[in-house]
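Some notes on the structure that comes next.
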Amino acid sequence: MASRIFEYFVVCGIGPEIQTLDGIKGFQGTGIMYMPSLLDQFPPSNHSLYPPPPPQLPTCVLPAGVEFYPSGVDANDTSTYPRSYPIVLTEGDGSKIYVSCIAFRDPVCDDVSLAYKIPANYFADKCICLVSRSPSFRVLRDALEELFIVCFSPNSTSIPLWEVIAHIVSNVSLPTPGKDRILFSIDNCILSVEAPPKEGLPHADISFQPLVQSLDVDNLIMLFTAVLLERRILLRSNKYALLTLVSEAICHLIYPFRWQHVYIPLLFFSGADYIDAPTPYMMGLHSGVDISGFTLDGVVVVDLEYNRITTSEDIPPIPDLELSFLRSELLRLLHPNIISIDHMKINLAGMADQYAKTCNRTWGEEHDFQLRLIFLKFFALLLSGYRNFIENTANNIFNSQAFMKKRSRSTNQSVESMVMIAQFLDSQGFLDYLERFSNSDESSGNLLNKLQDATGRGQDPMIIFPSAVEPEIITVSSLYKEAAGEKCHYDRFPASIRTHEQEEKRRSILAVASGALDYSAKQSPSSPSMLGGIDSNGDALSPRERAAERERMVLDIQVKLQGLWLRLLKLGVTDDPLSSFEYGTILALIESDAEGIGGSGFVECIREHIHSGWQCRLTDEQFIAVKELLKTAINRAISRNDMATVRDALEVSAEMYRRDPNSVPDYIQRHLLSLAVWEDLRFWDNYFEYLMERSSNKMTNYVTLVTAQLVVIATHMAGLGLPDGESWNIIETIAGKNNLGYKQLIKLRGFLSHIHQLRVGYWGLSVWKSQAPSYGLPSPRPHDSYDESQQQGEGSGVGRSWVQSMFSRDRSLRANSFARVRKWASDSDTSELPGTEQKKIQSSVRMLRGHSGAITALHCVTRREVWDLVGDREDAGFFISGSVDCTVKIWDPTLRGSELRATLRGHTRPIRAINSDRCKVVSGSDDQSVIVWDKQTCQLLEELKGHDSS
C-alpha cells in the first residue's frame, strides 16, 4: 500500500472525563484550564496502517489547555477567532511528526454539560489536526482550513464531513520527490502537493520570512551561532505559528548539520519547568507563560516579539572572515536598497534592470532558496579543506587540532581566537555529520562537498543542484455523491460515528461522573438530610431498612469493582490502563465514596483475587495503574482514620509485582514510601495488635509470637523503603511495650539490618525526610514524587530520559519528570531545602540496579536536584544515555555543552563507575550493580582490558 501524506485526522478537546491541569476532577467553572483529550480520529483506533498518534498529541496541540467560555466567536473580539498554527513533535528515534492545527471555540456536548452540570450554551476550546510524516506545512494548513470551511460554511458540500475527511486521508498519496505532483480537491478547492528532489536541499515547505522579519541580521547570526554550538535555546513569542516556523527555519539553515538534542518548538504551558533541563535543547514557549522564577543560567532567550536575545554566558563570535561574508550576504539579500544606495542608477549592460527586479520582488520561494544557499556557502568557507583531516580511526574521527593549525596559518589568526570553531568541531552535530557522510551511499549527495569542489574549480555554485524537471501530474479522483439537495451545515464540529463499545464506554464515564456529583451533593454537610443524620429517604425508612439498603449498596459496589478489576487485568499490551474506562471508573468509585466503601472494597477485591490463586504478576502499565489506585485508596482511608484499609492495602501491595529486564521483581509496596502514614507509630501499633489477634490461636509461646509479628512488620518496612534508623526506632518501641528480651532484640536488629541492606543493594538509598544526614540532603522535590522519579534510573532496565518521560503514557512519570520549581517553596517541607544556614553535605555514591548493558539513563535534572547526589558543586556532571553498542555519552557543564564519548570496546560486564571529569569508565561486578561515584572519592582504572572486577 502506498504511503499517504495524511496519516491521521484528529480532534482534541474536552472529553467525557473532565479534570483541570492540576488534576482536580469535574467542572470548576470558567477561567480555569482543563486537560485536553483525544476525542475522534480517522483512521479509527483499531486500524493497523500506522503507529497510533503520539499520546502527548492533545497536550501539544492545545498547549495552554482547554478553557470554557459563556460565548462563542465575537466579531468584535479577535481573541475569539479561530487560530491556525503548525507544531512539530519529535519521537524517541529523532524522527519528526508534523501537525497542522486549527483551534476554535465549539459548543460543549449536551451529554457532557448534563453530566457535569455545566450551564447551557457554553463553549470550550477544540482543536482539529492533520498529522503527517512529511514536512508539507502548506498543504497540511490549506487542507485543514478547507475542511474547517466545509464544516461551517452554509454553502458547502452535501457530503457528510467525516466522509470528506476519510476520502482525503485514505486517497492522497505521498508524492515521489522530484518526480510527481499530487492534485486533489476538497469541495470546490483544488490543492497540490509535491516534494523536491532528494539530491537538492532537504524539503522545507515553509517560508523563512518570519525568521528574518523577527530578528535583525546581527541577532539572526547570534541565534545561528548558538544553535551551532548546541546551547540551550528558548524562543518566546505570543504566536504559536511563529515559534514553530522560526524553529524549523533555523534547523534548515544549519544544513548539512542536524540538531541532535531536545527539540520542542511549542512547549505546553504546564511543561515550563523543562527549561531547567541541563542538556542542550531548542524549545519555544508562549510569552504569556511566566518564567521569572527560573534562573535561566546559560539559556539563550530569544524574544521574537522585540528582536531581543539575552543570555548569561557569552557566545563566541564567528571568526572575522566568515562573519564578514555572512553578514554582507544577508544584508544584500534582506536589504538590497541599502546595500546599493551608493550605486549610480545607470544602465551598464542591463545591470539597472536586474537591480530593479531584485529590489521590487516580494519575499518568495526564491528568497528562501537564496537564504539557505548563503548559509551553505558560509559552511563551505568555514570548513575549507576539512576533508583532509578526517581520520576515521578507532580513537578519532576528525583531527581538529591539525585543522585549526592549518586554518590559523591560512587566515593569519591565532588558534586562541577561534573559540567558536573549536567548540563547533567538538559538537555532537559535527560528529554526527562526519559519521553520516563517511558512508559512501550518503557522501555522494553531500552538497557541502559539492559546493567546495565547484568553488575550487571556479564554477557557478548552482551546478550542484539538480536541474528542474516538470513533475508528472497525478490526480486524485473527487468524492462524488448524488446531491440530496440539502447541504451538510453544522452548528458545531460533528463527532465521528462511534462503535457500540465506544458509545457504551462514554455513557458509563458520564454516568459515573453524574453519579459522583449527585452523591457528593447528597453528602454535603450543608445538606438538610445530613444535618438530620439520615439520608434523603431517612424519614421513610426504619433503621433495619436503612441497614439493609446500605448492605445492598456495598454489595453492588463490590460486584462492580470485581468486574472492573478483572477487566483491567485483561487489557492487552498495547492498551493504556491509565486512560481506560476500567481505571477511570475504579478511581471515581474510590474518590467519590465518603464512607470508604470504594477504597476498602477495591483492596478486598485484590485480596480475594490473590486468595483464589492469582499469581500477582502485572505488566508495566498495569503496575502503574494499580499503584496509583492503591495510593488513592490509602489516602482516602487515612482521611477517615480507617487503619484497617491501610493495613490491608499494605499487605496486598507486598504481593503484586512486575519484573524488570533482569527478572528481578519490583513490588508495588516499594512505591508507597511517600505516604505519611508510615511515620505514625500508632499505625504500626495498630498493625501489631492486628497481627497478634490473627495469630494468637496458632502459637502458644508469647515471646515467639511477638518476635514473629515484629519480623513481619520489619519486612513491610524494608519493602516500603523506610530508613533503617526510623524502622528500628518503631520496632524497638513496640518490642519494649511487649517486654521482649534483649536476645530477641539483637536477633530483630540483625534481621532488620540484613533485609535493609538487601533492599539498598538492589534499589539504592531511599529519599526520606527524616533520614540521617550522612546520606546527603534530601531532594527538594515533593515527597509524593519520589517513587516516580526513582523509576527512571532505578527500577527499569530501559530507563527513560526526561523528555521521553514527559511524553510517556505513564502520567505519573510525566507529571513528576521535573519537580515544579514554583512548588518547591510551597509544597515541600522548608526544612529540607538547602538554606544558607545549613551545612552542605556531599554524598559519595549512587547505585542503580536491574540495568542491562550500558547505563540507559541517570539524570541530574536541575541544580537543586544535584544536592542529593554530589552536593552543591559547580562541576557536577550529568549522565545522559547509553546504548546497546556500549557507547556512553556524558555531558559535562564545565565544558560548556560539549559532549564527550567513551566507547567500551570488548566491554562485557555492567558499567561500575563513570568519572564525569574525563570519561573514565570501569567495568562492574557480577552482581549486576552499577555504581556511579563522586569523582573526589573514587579511584578509576585507566584501561579496561585485564582489569580486576573487584
Side-chain angles (χ1 to χ4, degrees), residues 211 215-235 250-251 253-262 278-282 296-303 307-331 374-386 389 397-434 448 874-875 878 890-901:
L211 172 64
L215 299 175
D216 59 31
V217 170
D218 292 325
N219 278 339
L220 173 58
I221 294 175
M222 181 181 293
L223 173 60
F224 171 75
T225 307
V227 173
L228 279 187
L229 301 185
E230 299 179 341
R231 297 299 181 86
R232 294 185 292 160
I233 299 165
L234 180 64
L235 305 175
I250 202 68
C251 285
L253 292 184
I254 66 172
Y255 173 83
F257 306 98
R258 300 186 302 192
W259 179 256
Q260 291 289 295
H261 304 281
V262 177
T279 57
Y281 62 71
M282 189 189 306
L296 300 177
D297 287 341
V299 179
V300 180
V301 182
V302 184
D303 193 328
N307 181 32
R308 183 171 58 210
I309 298 180
T310 57
T311 180
S312 60
E313 294 183 2
D314 292 334
I315 300 175
I318 297 172
D320 292 340
L321 177 64
E322 288 79 10
L323 178 61
S324 176
F325 165 81
L326 184 60
R327 197 172 188 280
S328 61
E329 288 295 307
L330 289 174
L331 287 172
I374 288 172
F375 281 91
L376 186 62
K377 291 179 179 178
F378 162 79
F379 284 122
L381 181 61
L382 185 77
L383 298 174
S384 176
Y386 82 99
F389 301 92
I397 298 178
F398 184 79
N399 193 334
S400 57
Q401 292 184 349
F403 174 79
M404 295 284 287
K405 290 180 181 178
K406 176 260 180 186
R407 196 179 188 287
S408 175
R409 290 193 299 269
S410 61
T411 60
N412 293 322
Q413 293 178 328
S414 65
V415 175
E416 291 75 16
S417 65
M418 294 184 286
V419 178
M420 177 266 172
I421 297 181
Q423 291 189 14
F424 172 59
L425 296 179
D426 196 32
S427 68
Q428 184 65 28
F430 183 70
L431 294 177
D432 167 74
Y433 166 78
L434 294 177
L448 176 59
E874 292 294 332
D875 60 348
F878 299 89
I890 303 172
W891 179 74
D892 188 337
T894 62
L895 300 180
R896 294 185 178 273
S898 63
E899 202 170 49
L900 306 176
R901 282 181 159 189

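This chain uses plain numbering: 1 for the first residue, then up along the sequence.
Taking every heavy atom of both residues into account, P316 and L229 meet most closely at CD-CD1, 3.7 Å. Pairing each heavy atom of R407 with each of L382, the nearest pair is NE-O, 3.6 Å. Shortest non-hydrogen contact noted between L228 and M420 is CD1-CE, 3.8 Å. Between G298 and S312, the closest heavy-atom pair is N-OG, 2.7 Å. A pairwise comparison of heavy atoms in K406 and F389 identifies CB-CZ, 3.7 Å as the closest pair. Annotation for M282 and W259: closest pair N-CZ2, 3.7 Å, computed over non-hydrogen atoms.
Two residues are said to be in side-chain contact when any heavy atoms from C-beta on lie closer than 4.5 Å; L376 and P256 meet this criterion. For the pair L211 and L253, the minimum side-chain heavy-atom distance is below 4.5 Å. For the pair H261/Y281, no side-chain contact is recorded, criterion being any heavy-atom separation below 4.5 Å from C-beta on. At least one side-chain heavy atom of L383 sits under 4.5 Å from a side-chain heavy atom of L425. With contacts defined as side-chain heavy-atom distances shorter than 4.5 Å, the pair Q428/P280 does not qualify. Put simply, the side chain of D218 reaches to within 4.5 Å of the side chain of R327, judged on heavy atoms. In this structure, the side chains of D216 and M222 stay at 4.5 Å or more apart for every pair of heavy atoms. The shortest side-chain heavy-atom distance between T310 and L296 does not fall under the 4.5 Å cut-off.
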Evaluate the criterion side chain to side chain contact (heavy atoms under 4.5 Å, CB included) for residue pair L448 and Y255; output intermediate values, then yes/no.
CA-CA 9 Å; L448 176 59; Y255 173 83; over 6 Å; no
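No donor-acceptor distance shorter than 3.5 angstrom exists from the side chain of S384 to the backbone of L381, with no hydrogens or angles considered. When atom types are taken as modelled, the side chain of T225 and the backbone of I221 share a donor-acceptor pair closer than 3.5 angstrom. Without hydrogens or angle criteria, D303 side chain to R308 main chain gives no donor-acceptor distance under 3.5 Å. Without hydrogens or angle criteria, S324 side chain to L321 main chain gives no donor-acceptor distance under 3.5 Å.
Within the model, atoms CZ of F430 and CD of Q423 stand 14.5 Å from one another, a figure rounded to the nearest 0.5 Å. Between M418 atom CE and E322 atom CD the span is 9.5 Å, to the nearest 0.5 Å. Of the inter-residue distances, the one linking F403 atom CZ with I421 atom CD1 reads 6.5 Å to the nearest 0.5 angstrom. Atom CG of L223 sits about 6.5 Å away from atom CG of L235, to the nearest 0.5 Å. Atom CG in D297 sits 9.5 Å away from atom OG1 in T311 (nearest 0.5 Å). Going from atom CG of L330 over to atom CG of L220 covers 6.0 Å, rounded to the nearest 0.5 Å.
Ring pair F224/F378 is perpendicular by interplanar angle, where above 60° counts as perpendicular and below 30° as parallel.
Taking Q260 as the reference, D432 meet the side chain to side chain donor-acceptor pair (under 3.5 Å) condition, with sequence neighbours excluded.
The ring-ring contact (aromatic ring centres under 6.0 Å, His included) test with Y433 singles out one residue from F424, F257, F379, and that residue is F257.
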